[in-house]
J.: 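Sharing a structure with you now.
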Amino acid sequence: MEKKQNFFAKNKTFTIFGILGIIVILVAIFAPVVTGGIDPTTGVLTDALKAPSSDHIFGTDKLGRDVFARVIYGARTSLVAAFCVVAAAFTIGTVLGVLAGYFGKVVDAIIMRVADMMIAFPGMILAIAVAGIMGASIQNAVIAISLVTWPKYARLARSLVLKIRDRDYVAAAIVTGSKTPYMLLRYMLPSAITTLVITAATDIGSMMLELAALSFLGFGAVPPTPEWGLMLSEGRAYMTAAPWLMIFPGIAIFVVVTIFNMLGDSLRDILDPRQE
Amino acid sequence: MVIVLIGISFITFALTYLAPGDPVQAMFSATGVMPTTDVLDQMREDMGLNEPLLVQYWNWLTSCLQGDFGTSYQSKQPVVSMLLARLWPTIKLALLSLVIMLVFAVPMGILSAVYQNKPIDYIVRALTFFGVSVPNFWVGLILIMVFAVNLKIFPVISSGGDLMSLILPACTLAFAMTAKYTRQVRTAVLEELHQDYVIGARARGVPERKILWGNVLPNSMLPLITLLGLSMGSLLGGTAVVEVIFSYPGLGNLAVSSITAYDYPVIQGYVLWVAVIYMVINLVVDFSYGFIDPRIRLKR
């Protein structure tokens, strides 16, 4: 117990933003409780475009839906989607990268050439094209962004594995009869995992931004899903008449992304002291 | 390099196959006519869509190499001329935003590094943190609201013609980049400041200002060049969101509207062009090292 307290006292930034991150996740999970049972997708047309008041603290949109409820429920969409992207890119990239680094030769050549091709497209372009052509939906946006993100993890995992691939202790383990799956799981993966987890943690925020951008362009979430990028895009037409439609989703993105960026950064400081 | 190019072109081509509908129907629905099945079948045959995938790819690739990217389903114009018309506005926008970014990022980064852990450093770091966490399309919307709608200084819709209409989109793009670059400049300058030769120069009584301007800054600018190259590449594609917000007549805007209209030749042309330009820029950056840094030239 005492040791734990020391850890949290020593890493104040991490503790603070960890708690904030947990709060955001809890808010997303318990969205119905937080919003007091207001449904984010049903609106009262007579209440359309009402300015923030005590009834609707963030105001209402063009269909009379409560913006506060939509912002809170939007956290669900954004968090789930961003976690999915990071998890998918992390898993695919790590597996392929470790395999490429460990086996070398043909396996390495094939995997890394494919990664090179994906990297040759500037980030958002391919994501926009893939998401757009497959049709707008949050799943397709997740697939599109994962597709362009995994090579980063694959390259990283490969370079980390290559660093230890030719060490004597690895050779010794192979000579003494360690099986290949055991080698991969006990030697290769652990040597790479810390750096990869740090990268994944720092990526959550930027993935959220990319997902919001795709939705904003109309290639992500489809109405009436409450999603921040989509809400900004819908609110754009009422910029002067109802600025709250743009302000609150924007602030929501900013706050949540900041929390996860800070969390990622402080995690890096803890796990990787060399960076300091 | 060649393999990557072939791969890129294949991925670009295969994009069409991701679509749920078929291109012939998309082509007709783009023009707003609903043809009979006979006409559709005839069109498929004429366009070579009944051939195996690899044959189709080969035909497409050879005509691309001859500079023929097909014609747009929507406007019936050749894709090449459509892309060319949009290329220059996007380059203009990208260059201006790079300039704006450098004007802010370099001084801020240097100040922040030289006065490390002083108030000014904290302010700059807080600002950069703000910059990377804000979605740039939101910045764009806020800028429109404040400067175009309320203050009426700039036009809401950027025709791309004059400088005034370029400023807001360029600032929007520069905003997020400035944050990233300020951090990079800060890290690079800090690293350089901790080199032995700096301590040596200080010990010999060389004025601090001379160390900074004569040695530290020129040496720390090298990593910046790489980044600039990469940014130029990703800007060509990454301007899409900002172009849409400002209705700017650039490549990104064209791509987004083509995707919504299932105008495949334009999408393919766009993706391929941007990928190739991106590759060429990376290559140029690699070669430029030798000119900038004599150490690398000598090693070769």
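Each chain gets a letter, A, B and so on, in the order the sequences are listed, and its residues count up from 1. The shown structure was predicted, so the numbers you read here are calculated from the model rather than taken from an experiment.
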J.: If you look at every heavy atom in Ile128(A) and Ile259(B), which pair is closest and at what distance?
T.: CG2-CD1, 3.5 Å

J.: Need one label for Ile142(B): side chain, backbone, both or neither, based on atoms under 4.5 Å from any heavy atom in chain A.
T.: both

J.: Any chance CD of Gln195(B) has more than 12 other-residue heavy atoms, nucleotides or ligands included, within less than 6.0 Å?
T.: yes

J.: For the residue pair Thr258(A) and Ser133(B), what are the closest heavy atoms and their distance?
T.: OG1-CB, 3.3 Å

J.: Quick check on Phe147(B): does its CZ atom have over 12 non-hydrogen neighbours (other residues, nucleotides or ligands) under 6.0 Å away?
T.: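 It does not: Phe147(B) CZ has 12 such atoms or fewer within range.
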
J.: Please determine, among Leu272(B), Val244(B), Val276(B), Ile277(B), the option with the most heavy-atom pairs under 4.5 Å with chain A.
T.: Val244(B)

J.: Walk me through whether Phe216(A) and Trp138(B) qualify under side-chain contact (heavy atoms from CB on, under 4.5 Å).
T.: CA-CA 10 Å; Phe216(A) 180 79; Trp138(B) 192 54; over 6 Å; no

J.: Where does Phe219(A) contact chain B at under 4.5 Å (heavy atoms): side chain, backbone, both or neither?
T.: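 Side chain only.
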
J.: Let's test your reading of the structure: which of Pro249(A), Ser233(A), Ala212(A), Gly205(A) forms the most heavy-atom pairs below 4.5 Å with chain B?
T.: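 The residue among Pro249(A), Ser233(A), Ala212(A), Gly205(A) with the greatest pair count is Ala212(A).
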
J.: Met246(A) and Leu141(B): which non-hydrogen atoms are nearest, and at how many Å?
T.: CE-CB, 3.4 Å

J.: What part of Ile251(A) gets closer than 4.5 Å to chain B, counting heavy atoms only: side chain, backbone, both or neither?
T.: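 Answer is both: backbone and side chain atoms of Ile251(A) are under 4.5 Å from chain B.
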
J.: Is Phe10(B) in contact with chain A via its backbone, its side chain, both, or neither, using a 4.5 Å heavy-atom distance?
T.: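 No part of Phe10(B) comes within 4.5 Å of chain A.
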
J.: Using non-hydrogen atoms only, which part of Ile267(B) is less than 4.5 Å away from chain A: side chain, backbone, both, or neither?
T.: side chain

J.: If we define contacts as heavy-atom pairs under 4.5 Å, which of Asp265(A), Asp116(A), Leu217(A), Val256(A) has the most with chain B?
T.: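 The residue among Asp265(A), Asp116(A), Leu217(A), Val256(A) with the greatest pair count is Leu217(A).
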
J.: Could you tell me the separation between the CD1 atom of Ile144(B) and the CZ atom of Arg236(A), rounded to the nearest 0.5 Å?
T.: 6.5 Å

J.: Work out which heavy atom in Phe129(B) is nearest to a heavy atom in Met262(A); give both atom names and the distance.
T.: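 For Phe129(B) versus Met262(A), the nearest heavy atoms are CZ-SD, 3.0 Å.
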
J.: Starting at CZ of Phe137(B), measure out to CD1 of Ile253(A) and round the result to the nearest 0.5 Å.
T.: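 Spacing of CZ (Phe137(B)) from CD1 (Ile253(A)) equals 4.5 Å.
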
